[in-house]
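Just below is one structure, and these are the notes that go with it.
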There are 2 protein chains.
Amino acid sequence: MAQQLTRNQSLVLDVLTHAEGPLSAYTILDKLRDHGFRAPLQVYRALDKLLEFGMIHRLESMNSFVACSHPDHHHHDHGVTAFAICEDCGQVTEMHDAGIEERLSVLAGREHFKTEKTTIEIRGHCQNCTSG
Amino acid sequence: MAQQLTRNQSLVLDVLTHAEGPLSAYTILDKLRDHGFRAPLQVYRALDKLLEFGMIHRLESMNSFVACSHPDHHHHDHGVTAFAICEDCGQVTEMHDAGIEERLSVLAGREHFKTEKTTIEIRGHCQNCTSG
DNA sequence: ATGCCACACGTTATAGCATAACGCAATTGA
DNA sequence: TCAATTGCGTTATGCTATAACGTGTGGCAT
């Protein structure tokens, strides 16, 4: 069941997995120069696949990427994800909630809108950075 | 109460108001060349102000901007907005729902996260483009 | 009036994000 | 074997956004 990754895909996933927070494609590129990466496309192609496999997420509001925090069950099997993004430390928390999905589904249905992909991103300050 | 706009701000808002769907900053720039616009910053500065005034919205998932569909009450007085974006025709529907706000508030609270700004964008297909 | 300040503006340059288009190599499967 | 698919590498290009500088104007306290 576990997706067999190519070398490039593994390298990119590895960088994201070990990162503190979200990374831009170009930051990933820089981190992989020693491994032979030379061009943005090498990163973007790997990112596209990893997104497709559900192993990483794209944060639209900051043009960057994070490893999925639920590495166990891939392949889209978790529904809508909401991200809490701390603007101070950059940390990202992944959240799931059936109530939200339900509510969004109702909203979309009311407009006869067929949902393909839902993005929920909350910018703000995490507990650590608030208390400090 | 109505915000007094500068010439540039008015021009940009006007373009967005009369547009079919969301526009990128550079598309706006092109549409305003005849009015003396020559550089991206002229557009971005106006956009920043209009966002601040709550007169337009930024769609993070497509790096573009739309006029707010509730021109009456500006100044942030409407809460979280969810956008339904049709990938076929580009049309954007603005939706508000107290239930969603409530649910997101609970989620954030659970993580002791202080929310500053919330982005909800649903990509998919609108009624027209689905039926056809 | 003078001087100061805040703000919008215009311009040039640059930084950051993403994809088009080409060709090559390896794999798969009819 | 041959064609189709997929990943890869490279070059070039396009799109999105901001930095940094200077100008002009209007308000306003002195």
Side-chain angles (χ1 to χ4, degrees), chain A residues 2-16 19 21-53 55-66 83 85 87 90 92 117 119 121 123, chain B residues 2-16 19 21-53 55-66 83 85 87 90 92 117 119 121 123:
Chain A
Q3 183 64 35
Q4 183 56 31
L5 300 180
T6 68
R7 171 183 156 81
N8 284 5
Q9 288 160 16
S10 295
L11 287 168
V12 168
L13 178 59
D14 206 59
V15 166
L16 282 174
L23 300 178
S24 76
Y26 277 71
T27 302
I28 296 171
L29 174 58
D30 285 340
K31 288 182 181 296
L32 287 176
R33 294 217 186 263
D34 294 346
H35 294 272
F37 275 51
R38 329 220 96 237
L41 257 197
Q42 295 175 280
V43 177
Y44 281 109
R45 289 205 269 234
L47 288 172
D48 283 346
K49 281 301 181 185
L50 293 171
L51 284 170
E52 186 184 321
F53 300 153
M55 292 172 169
I56 65 173
H57 299 286
R58 177 190 173 88
L59 300 179
E60 306 283 358
S61 67
M62 53 192 309
N63 297 324
S64 58
F65 305 83
V66 281
F83 299 94
I85 305 168
E87 303 200 310
V92 174
K117 184 178 187 305
T119 298
E121 297 179 18
R123 310 294 297 259
Chain B
Q3 182 67 35
Q4 184 56 31
L5 299 181
T6 67
R7 170 181 157 81
N8 284 5
Q9 288 159 15
S10 295
L11 287 168
V12 168
L13 178 59
D14 206 57
V15 166
L16 282 174
L23 300 179
S24 76
Y26 278 71
T27 301
I28 296 171
L29 174 58
D30 285 340
K31 287 182 182 295
L32 288 176
R33 294 219 185 263
D34 294 345
H35 293 270
F37 275 50
R38 331 220 94 238
L41 258 197
Q42 295 174 280
V43 177
Y44 280 109
R45 288 204 270 234
L47 289 172
D48 283 346
K49 283 299 180 187
L50 293 172
L51 284 170
E52 186 184 322
F53 300 153
M55 292 171 170
I56 65 173
H57 299 286
R58 177 192 173 85
L59 300 179
E60 306 284 357
S61 66
M62 51 192 311
N63 297 324
S64 59
F65 304 84
V66 281
F83 299 95
I85 305 167
E87 305 201 308
V92 174
K117 184 178 186 306
T119 298
E121 296 178 18
R123 310 294 298 259

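Every chain is numbered from 1, with letters handed out A, B, ... down the list of sequences.
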Non-hydrogen atoms of [X] and [Y] that approach each other most closely:
{"X": "B:Pro40", "Y": "B:Leu29", "result": "N-CD2, 3.9 Å"}
{"X": "B:Lys31", "Y": "B:Val15", "result": "CD-CG1, 3.7 Å"}
{"X": "A:Phe65", "Y": "A:Arg58", "result": "CZ-NH1, 3.2 Å"}
{"X": "A:Phe53", "Y": "A:Gln9", "result": "CE1-OE1, 3.9 Å"}
{"X": "A:Ala25", "Y": "A:Leu47", "result": "CB-CD1, 4.0 Å"}
{"X": "B:Ser24", "Y": "B:Ser64", "result": "N-CB, 3.8 Å"}

> Taking the side chain from B:Glu121 and the backbone from B:Ser61, do they hold a donor-acceptor pair closer than 3.5 Å?
Replying inline: yes

> Any donor and acceptor pair, going by atom type alone, linking the side chain of B:Ser10 with main-chain N or O of B:Thr6 inside 3.5 Å?
Replying inline: yes

If I take atom [atom1] in residue [X] and atom [atom2] in nucleotide [N], what distance separates them, rounded to the nearest angstrom?
{"X": "A:Leu47", "N": "C:dC17", "atom1": "CG", "atom2": "C1'", "answer": "12 Å"}
{"X": "B:Tyr44", "N": "C:dC17", "atom1": "OH", "atom2": "C1'", "answer": "11 Å"}
{"X": "B:His35", "N": "C:dG10", "atom1": "NE2", "atom2": "P", "answer": "13 Å"}
{"X": "B:Arg7", "N": "D:dT25", "atom1": "CZ", "atom2": "C1'", "answer": "16 Å"}
{"X": "B:Met62", "N": "D:dC15", "atom1": "CE", "atom2": "C1'", "answer": "14 Å"}
{"X": "B:Phe37", "N": "C:dT11", "atom1": "CZ", "atom2": "P", "answer": "11 Å"}
{"X": "B:Lys49", "N": "C:dC9", "atom1": "NZ", "atom2": "C1'", "answer": "13 Å"}
{"X": "B:Gln4", "N": "C:dA6", "atom1": "CD", "atom2": "P", "answer": "22 Å"}

Candidates [options] - which lies nearest the side chain of [X]:
{"X": "B:Gln42", "options": "D:dG7, C:dG10, C:dT11", "result": "C:dG10"}
{"X": "A:Arg45", "options": "D:dT18, D:dC8, C:dC9", "result": "D:dC8"}
{"X": "B:Leu41", "options": "C:dA20, D:dA17, D:dA20", "result": "D:dA20"}
{"X": "B:Thr6", "options": "C:dC9, D:dA17, D:dG7", "result": "C:dC9"}
{"X": "A:Gln9", "options": "C:dA18, D:dA17, D:dG7", "result": "D:dG7"}
{"X": "B:Asn8", "options": "C:dC9, C:dT19, D:dC8", "result": "C:dC9"}
{"X": "B:Ala39", "options": "D:dC8, C:dT12, C:dC9", "result": "C:dT12"}

>> So if I take the C1' atoms of five pairs at each end of the helix from C:dA1-D:dT30 to C:dA30-D:dT1 and get each local axis, what angle do the two axes make, rounded to 10 degrees?
In response: 30°

> Do B:Arg33 and B:Asp30 pass the salt bridge (Lys or Arg N to Asp or Glu O under 4.0 Å) test, and can you show the C-alpha distance, the side-chain angles, and the key distance before you say yes or no?
Replying inline: CA-CA 5 Å; B:Arg33 294 219 185 263; B:Asp30 285 340; 3.3 Å; yes

>> I need the residues from residues 23-30 of chain B with at least one non-hydrogen atom less than 4.0 Å from DNA chain D; give them sorted by number, or say none.
In response: B:Ser24, B:Tyr26

> Between C:dC17 and B:Asn63, is there an OP1 or OP2 to side-chain N/O distance shorter than 4.0 Å?
Replying inline: no

>> Please evaluate residues B:Ile85 and B:Leu59 with respect to the criterion side chain to side chain contact (heavy atoms under 4.5 Å, CB included), reporting the C-alpha separation (whole Å), side-chain torsions for both, the decisive distance (0.1 Å), and the verdict.
In response: CA-CA 9 Å; B:Ile85 305 167; B:Leu59 300 179; 4.1 Å; yes

